[in-house]
Amino acid sequence: MSSRRSRSRQPGSSRITDEQISDLVSKLQDLLPEARLRSNDRVPSSRVLQETCNYIRSLQREVDDLSERLSELLATSDMSSAQAAIIRSLLM
């Protein structure tokens, strides 16, 4: 990657190496659902990072939507019902 990074290293410093960055980007790519389909292709690190950010945003939206749906379900259900008690115990 950048020669600037390697020049700024000091003996005994705990800076991450280019190889470690490459390994971490590869691991991120393996976690992305769309990336598994093209795991043999070489994808630029910037693309993997952008797709990772997009995927995390979509997961956050999904969590928000599910939380809202659950809140609505609990608000409309009988508070003393066994199902509501089970749901509450799972959330606590």
Side-chain angles (χ1 to χ4, degrees):
M1 291 186 108
S2 169
S3 61
R4 185 176 42 195
R5 184 177 314 156
S6 60
R7 280 185 286 171
S8 67
R9 284 199 190 117
Q10 298 172 359
S13 86
S14 61
R15 292 193 184 263
I16 191 165
T17 65
D18 291 346
E19 185 178 324
Q20 289 171 317
I21 291 173
S22 179
D23 184 51
L24 291 170
V25 169
S26 177
K27 288 177 182 179
L28 273 177
Q29 184 177 5
D30 290 342
L31 293 172
L32 297 173
E34 314 84 47
R36 288 189 197 133
L37 299 175
R38 60 176 192 280
S39 60
N40 295 335
D41 297 340
R42 175 76 176 128
V43 179
S45 296
S46 59
R47 174 92 185 254
V48 173
L49 293 173
Q50 184 62 51
E51 287 184 17
T52 301
C53 291
N54 292 341
Y55 184 56
I56 290 171
R57 282 188 203 102
S58 74
L59 290 174
Q60 286 174 327
R61 282 191 301 271
E62 190 173 342
V63 166
D64 290 343
D65 292 344
L66 290 172
S67 294
E68 186 176 324
R69 288 175 52 196
L70 181 59
S71 293
E72 291 170 0
L73 177 65
L74 288 174
T76 60
S77 67
D78 180 9
M79 292 301 177
S80 62
S81 75
Q83 289 177 337
I86 292 171
I87 292 172
R88 282 190 195 86
S89 69
L90 291 172
L91 295 175
M92 308 263 172

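Just so it is clear, the model here is predicted, and its values are computed rather than measured.
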Side chain to side chain donor-acceptor pair (under 3.5 Å) partners for Gln20, two or more places apart:
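Here the qualifying residues are Thr17.
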
Can you pull the side-chain hydrogen bond (donor to acceptor under 3.5 Å, both in side chains) pairs that have at least one residue in residues 52-61, sequence neighbours excluded?
Gln50-Asn54, Asn54-Arg57

Would you check if Leu49 and Cys53 make a side-chain contact, meaning some heavy-atom pair closer than 4.5 Å?
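With C-beta onward as the side chain, the pair stays apart.
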
Nearest 0.5 Å, what's the CZ-CZ distance between Arg47 and Arg42?
13.0 Å

Distance in Å, Ser26 OG paired with Ile21 CD1, rounded so as to fall on 0.5 Å steps
13.5 Å

Is the side chain of Ser22 donor-acceptor paired with the backbone N or O of Asp18 at a distance under 3.5 Å, no angle test?
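Pair absent, no side-chain N/O of Ser22 close to backbone of Asp18.
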
Is it true that Ile56 and Leu31 fall in one hydrophobic cluster, defined by side-chain heavy atoms closer than 4.5 Å?
no

Is there a path of hydrophobic side-chain contacts, each under 4.5 Å between heavy atoms of I, L, V, M, F, W or Y residues, that connects Leu32 with Leu59?
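Yes.
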
Could you tell me which non-hydrogen atom of Val48 sits nearest to which non-hydrogen atom of Gln29, and how far apart they are?
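Heavy atoms of Val48 and Gln29 come nearest at CG1-N, 3.8 Å.
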
Taking NZ, NE, NH1 and NH2 as the nitrogens, is one of them in Asp23 or Lys27 under 4.0 Å from a carboxylate oxygen of the other?
yes

